[in-house]
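Quick caveat, the model's predicted, so the values are computed rather than measured. Each chain gets a letter, A, B and so on, in the order the sequences are listed, and its residues count up from 1.
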2 protein chains.
Amino acid sequence: MAKANATRPPTRIQREKTEAILAAALDVFSAQGFRGATLDEIARAAQLSKPNLLYYFPSKEAVHHALLTRLLDTWLDPLRQLDPDGDPLTELRAYIQRKLEMSRDYPRESRLFANEILQGAPRIGDQIQDTLKQLVDEKAAILRAWSDAGRIAPVDPHHLIFSIWATTQHYADFEVQVRGILGASEDGYFHDAAQFLAQLYTSGLTPKG
Amino acid sequence: MAKANATRPPTRIQREKTEAILAAALDVFSAQGFRGATLDEIARAAQLSKPNLLYYFPSKEAVHHALLTRLLDTWLDPLRQLDPDGDPLTELRAYIQRKLEMSRDYPRESRLFANEILQGAPRIGDQIQDTLKQLVDEKAAILRAWSDAGRIAPVDPHHLIFSIWATTQHYADFEVQVRGILGASEDGYFHDAAQFLAQLYTSGLTPKG
DNA sequence: CTGTTGTTTGACCAAGCGGTCAAATCCCAC
DNA sequence: GTGGGATTTGACCGCTTGGTCAAACAACAG
């Protein structure tokens, strides 16, 4: 058995196949949700037989879990980059821009998380309570400090973060709706979205002189 | 057969059972998505046997479709109420408030739609392209007129609507995450959210003097 | 070349799925 | 009360699901 000895380094084939499986799983899970996805579909997308897939991961749940934990770090990177020593409005605009680019460049990842949260986060609830809450509280403290110092308008920092998440991720999670309303052909709506959000948050957060 | 003659008015039992099924289906579909939901689970929640449920609806898809079309009108009501003759900022604040109250009072409906859109709206795509787009374009024209007249700041009206949807529905669709970050006990966060959003959009949309 | 380990697969299984059907039961107007 | 339509259900069907297993096959070190 390959996986029995955990200390042995992964072979080339193990690395390649594991990667292919996770890539295929991202496609399927993000489009169908956990319960809607099937191992057959993931295996087919990864060009493997189902028993072969289960040779690399012990269960469907294991594939899903590996995918989520692997992507959580990437997903939180934009927030992590928020610099307490930078100019507040510049930092926030940059954060919004980064998040919007994530929605544009990694919509499947966004929908993967959205699916999981929507259904009550039954398979990632712990990590939300731990990693995520800790990071958000830390960054909220920075926002509060800026707010208290009069460098941005006085706002609830948690709800500010929520609103940035919501407005940016909307373009990935509700892409079908956005395209349906703006017209399927129009492809450059991310530029308009960026401009709108930059303006909204700039005007909305500039402290009153 | 009961349903064979479509012209006959529904009996008391038909009204009651149909209602019970749709109520149960809302619970299950909003929590599990279409593919994740099962007829057995819906039937159990409605206190019916599965064949009995299928006596009132011809298929799982029919239950889902009936639920979506029945709720779409309710869901779009807040936007429909946007009054072109009112004061722009007052109208927008009222719209945001109504949408936020929808998220607070009807989170299952919000998640039902979110699930459907997230997965590409395969069962409601037509109605988005028709009813929804028409309403949004109509209201966007009002916003554009306000914007052109200098009564609100110059913003892209479609993206303004998207941002209001996103920020308000976030509290229903991502409820687990919100509660996980704010602390499960705290229950009055809708008040804080309302205040935050009112301030953001008031400052963000007030035209520059 | 050879043996050992790593990899792949076809056949299979129990459980659950959406849906059907005939028979039983219920409801209510007459 | 009773007859006929409305309602309910247990048994069942074909199919898909996640997962198992033994056997076959490939890779690679010696």
Side-chain angles (χ1 to χ4, degrees), chain A residues 1-25 27-29 31-68 115 119 122-123, chain B residues 1-25 27-29 31-68 115 119 122-123:
Chain A
M1 289 188 292
K3 316 300 261 312
N5 189 341
T7 61
R8 208 169 312 187
T11 68
R12 172 185 57 88
I13 294 181
Q14 274 170 31
R15 269 182 279 113
E16 287 175 3
K17 293 297 164 70
T18 303
E19 215 56 38
I21 291 168
L22 288 175
D27 255 351
V28 177
F29 279 133
Q32 313 276 10
F34 180 78
R35 290 180 67 166
T38 70
L39 286 180
D40 283 291
E41 200 176 348
I42 296 172
R44 198 184 328 126
Q47 293 180 305
L48 266 71
S49 64
K50 182 170 63 174
N52 200 179
L53 188 158
L54 287 164
Y55 170 72
Y56 292 101
F57 290 89
S59 69
K60 180 185 181 182
E61 198 133 353
V63 179
H64 192 251
H65 188 264
L67 200 56
L68 281 172
N115 258 309
Q119 298 180 11
R123 285 166 292 275
Chain B
M1 287 189 293
K3 315 300 263 311
N5 189 341
T7 62
R8 208 169 311 187
T11 67
R12 172 185 57 88
I13 293 180
Q14 275 171 29
R15 268 182 278 113
E16 287 175 5
K17 293 298 162 70
T18 303
E19 215 56 40
I21 290 168
L22 289 176
D27 255 350
V28 177
F29 280 133
Q32 313 276 10
F34 180 79
R35 290 180 68 167
T38 70
L39 285 180
D40 283 291
E41 200 176 347
I42 296 172
R44 199 184 327 125
Q47 293 180 304
L48 266 70
S49 63
K50 181 170 62 174
N52 200 180
L53 186 158
L54 287 164
Y55 171 73
Y56 292 101
F57 291 90
S59 70
K60 179 184 181 181
E61 198 132 355
V63 180
H64 191 251
H65 188 263
L67 200 56
L68 281 172
N115 259 308
Q119 299 180 10
R123 284 167 293 274

**Item:** Those residues that, when tested against B/E19, pass salt bridge (charged side-chain N to carboxylate O under 4.0 Å, His left out) (two or more places apart)
**Value:** B/R70

**Request:** Among D/dT17, C/dT7, C/dC17, find the nucleotide with the atom closest to the side chain of B/T38.
**Result:** C/dC17

**Message:** If the condition is salt bridge (charged side-chain N to carboxylate O under 4.0 Å, His left out), which residues does A/E16 pass it with, not counting sequence neighbours?
**Reply:** A/R12

**Message:** Tell me the interatomic distance from B/K60, atom NZ, to C/dG19, atom P, rounded to whole angstroms.
**Reply:** 8 Å

Give me the distances for all protein-to-nucleotides 8-12 of chain C N/O pairs that come in under 3.5 Å?
unit_1, atom_1, unit_2, atom_2, d
C/dT8, OP1, A/K17, NZ, 2.4
C/dT8, OP2, A/N52, OD1, 3.3
C/dT8, OP2, A/N52, ND2, 3.2
C/dT8, OP2, A/Y56, OH, 2.6
C/dT8, O5', A/N52, OD1, 3.1
C/dT9, OP2, A/S49, OG, 3.3

**Request:** Look at B/Q14 and D/dA6 and indicate whether a side-chain polar atom (N or O) is within less than 4.0 Å of OP1 or OP2.
**Result:** no

**Request:** Please list, chain by chain and in numerical order, all residues satisfying side-chain contact (heavy atoms from CB on, under 4.5 Å) with B/Q47, sequence neighbours excluded.
**Result:** none

**Asked** Separation of B/Q32 atom CD from C/dC17 atom P, in whole Å?
**Response** 11 Å

**Prompt:** Of all residues at least two apart in sequence or in a different chain, which pass the side-chain contact (heavy atoms from CB on, under 4.5 Å) check with A/A24?
**Reply:** A/I42, A/A45, A/A46

**Inter- and intrachain pairs under salt bridge (Lys or Arg N to Asp or Glu O under 4.0 Å), touching residues 31-58 of chain A, at least two apart** = A/D40-A/K50

**Message:** By nearest atom, which of the nucleotides D/dG18, C/dG19, D/dT20 is closest to the B/L39 side chain?
**Reply:** C/dG19

**Request:** Give me the ring orientation class for A/F29 and A/F34: parallel if the planes are under 30° apart, tilted from 30 to 60°, perpendicular past 60°.
**Result:** parallel

**Prompt:** Rounded to whole angstrom units, what separation is found between the CZ atom of A/R35 and the C1' atom of C/dC17?
**Reply:** 11 Å

**Request:** Rounded to the nearest angstrom, tell me the gap between atom CG in A/L54 and atom P in C/dT7.
**Result:** 15 Å

**Complete:** Separation of C/dC17 atom P from B/D40 atom CG, nearest Å, is 6 Å

**Complete:** Taken to the nearest whole Å, NE2/B/H65 to P/C/dG18 is 19 Å

**Asked** When we call it a touch if two heavy atoms are under 4.0 Å apart, what does A/A37 touch: a base, just sugar-phosphate, or nothing?
**Response** sugar-phosphate

